[in-house]
Amino acid sequence: MATFQSLPGFREFYPDDQVRRKHLFDLWRRTAHAFGFAEYDAPVLEPLDLYKAKSGEEIEGQLFSFTDKGGREVALRPEMTPTVCRLVGARASALKRPIKWFSIAEFYRYERMQKGRGRCFTQLNADIFGEPGPEAEIELIAMLTQCLTAFGLTEQDFYVRLSDRNLWCYYLAALGLDEPRTRAVLTAVDRHEKYGDEAFQGYTDQFGPIDAEVKAKVLAFLQVKSLAALEATLAPLGSEPITARLADWRKLLGGLQAMGLSRFIEVDLGVVRGLAYYTGFVFEAFDRKGELRALAGGGRYDDLVEKLGGPALPAVGFAIGDMTFALLLEQRGLMPAFAQAADVYCVIGGPAARAAAFADIQTLRATGRRVDYPMKDVGFGKQFKLAADSGAKLALIYGDDEVAKGTVKIRDLNDRAEHEVPRDHVTAVVRDFFTAS
RNA sequence: GCGGUCAUAGCUCAGUUGGUUAGAGCACAAGAUUGUGAAUCUUGGGGUCGCGGGUUCGAGUCCCGUUGGCCGCCCCA
């Protein structure tokens, strides 16, 4: 054995694993539909340039990429965003706005494995195109929240950190920083939680020591945890774009409050996320204990559709990955035990009885009933054990006696009560049993 | 790409200073049991001890290499 292994970082799903995984997807999909999102899908293999265009040349090192037999440079998709931007961009003028789409799809990244991170994983992606205002963020953050609460997770288990790239840019501009310095400060902000003061080393290397007053204000800004504090810090600056942006914040937080979601939301300007393409609000969901990597992340990317060759089209989106999420559910005991149970198990007396049973089995299965039976002739005692182990609610007993009489014995496997019915009534009786229960 | 750590049956693990033919529990299968269930008993299948090399009379055990897992760093769209 073990002559062949699965590739490093790839996962195999035996039935017990697959059923748990499917549970995630089922609830995510139901939630997305509840929010009025339409499902789409797209190729797993894409032109390498699609990702280079979005993320830069360096991205190739983290992709499963190769040259196909036609000489095309291709890559397994590492994310959905460029693909969905292409889909939407291509038909933007024909699609009814707002465009609310989601997908549940598998992605591939050539990375070192870690807890909650593999080389292949599944994400729910949800995006809204065509809505420039914070109404889109309200919708997406609400959906993100419900994608977690649908499993029984509460505000004790997770929270959503909300930040804003625009506000940072306006604020740093008001403090007199130019664009390159702004980017360097945002990089420092991104790293600050992890590295503390050393986070500013990159800035220092580029531009020399950061102005002490600016740094103090940046650090103070990181402490802002509420809209009130945000307004207190920014309103005095009297900056036009900042004033307008604060109105967006009020609208966003007001909407989430009206939906009863405030308890999940924390203002936290320490969230920056990838600098490459986010353009406005950004948000990330974390477990409260802080033991796991991010559960989900998203934000606004108003320039990307156009950058990838489509029309100018505002967009916001988020993604939830399955690996960290499953870890959290396991930790909190919220992963149900799934029994892959049959509805009906047939106990079969012998070759003659088998023929009679097969006819009914086929009829029941055609109506969608999950019916199972032993493939080989085995003793009755063993068959009843098999019936119990199968998780079925009913056993249908086809013994020689019953077959001779033209009847079938029906046993309720929960209370062990039995009764006999004529064979041509069996399918109706079984149907009634399951409709009633 | 870098560092730490681990690898014995499907799973959890034992295996003495290197010493006969590598074990247990669980799981699986057959039987006791051709008409009634979570029990019991008996029996069985299943291992190139991750792989390769070295030391040795002798290696699951010691040494080197390698592959893979886990944890962390870099990165994280």
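A note on names: the letters A, B, ... follow the listed sequences, proteins ahead of strands, and every chain is numbered from 1.
Aromatic ring centres of A:Phe10 and A:Phe64: separated by under 6.0 Å.
For B:U5, the paired base is B:G69 (Watson-Crick or G-U wobble, both distances below 3.5 Å). Base pairing annotation: B:A38 forms no Watson-Crick or G-U wobble pair, as no partner gives both donor-acceptor distances under 3.5 Å. With a cut-off of 3.5 Å on both pairing distances, B:U33 has no Watson-Crick or G-U wobble partner at all. Taking a pair to require two hydrogen-bonding distances under 3.5 Å in either a Watson-Crick or a G-U wobble arrangement, B:G52 pairs with B:C64. Nucleotide B:A24: paired with B:U12 (Watson-Crick or G-U wobble, both distances less than 3.5 Å). Across every strand in view, B:G45 sits unpaired, with no contact that passes the Watson-Crick or G-U test at under 3.5 angstrom.
Heavy atoms of A:Glu402 sit under 4.0 angstrom from at least one base atom. Counting non-hydrogen atoms under 4.0 angstrom, A:Asp401 reaches a base of the nucleic acid. As judged by a 4.0 angstrom heavy-atom cut-off over every strand, A:Asp389 is placed among residues making no nucleic acid contact. If you check every strand for non-hydrogen atoms under 4.0 Å, A:Arg191 touches sugar and phosphate atoms only. Nucleic acid contact for A:Pro78: base, since at least one base atom lies under 4.0 Å from a heavy atom of the residue. A:Leu386 comes within 4.0 angstrom of no nucleic acid atom, judged by non-hydrogen atoms across all strands. Residue A:Glu418 is classed as a base contact, given a heavy-atom separation below 4.0 Å to a base.
Stacking of A:Phe380 onto the six-membered ring of B:G35 is present: less than 5.5 angstrom between centres, less than 30° between planes.
Taking the ring axis of A:Phe281 as reference, the NZ or CZ atom of A:Arg245 stays within 45° of it and closer than 6.0 Å to the ring centre.
Listed pair A:Arg293 / B:C75 fails the phosphate criterion, with no side-chain N or O lying under 4.0 Å from OP1 or OP2.
Closest approach to the A:Lys115 side chain among B:C75, B:U36, B:G72 is made by B:G72 (side chain taken as heavy atoms from C-beta onward).
Not a single donor-acceptor pair, N or O on each side, falls under 3.5 Å between the base of B:C75 and the side chain of A:Arg112. Within 3.5 Å, no donor on the side chain of A:Lys382 pairs with an acceptor on the base of B:U36, nor the reverse. If you check distances only, the side chain of A:Arg109 never reaches the base of B:C75 with a donor-acceptor pair under 3.5 Å. No donor-acceptor contact under 3.5 Å links the side chain of A:Arg273 to the base of B:A77.
For B:G52 and B:U8, the P atoms lie 16 Å apart once the distance is rounded to whole Å. Only the C1' atoms considered, B:G68 is 22 Å distant from B:C75, to the nearest whole Å.
The aromatic rings of A:His23 and A:Phe151 sit perpendicular, their planes meeting at an angle over 60°, well past the 30° parallel limit.
Both A:Ser55 and A:Val378 lie close to RNA chain B; mapped to their nearest nucleotides by heavy-atom distance, the more 5′-ward contact belongs to A:Val378. Place A:Lys54 and A:Gly116 on RNA chain B by their nearest nucleotides, and A:Gly116 ends up nearer the 5' end.
A donor-acceptor pair under 3.5 Å is absent between the side-chain atoms of A:Asn125 and the main chain of A:Phe102, judged by distance alone.
Salt-bridge check for A:Arg21 with A:Glu106: passed, with a basic side-chain N closer than 4.0 Å to an acidic carboxylate O.
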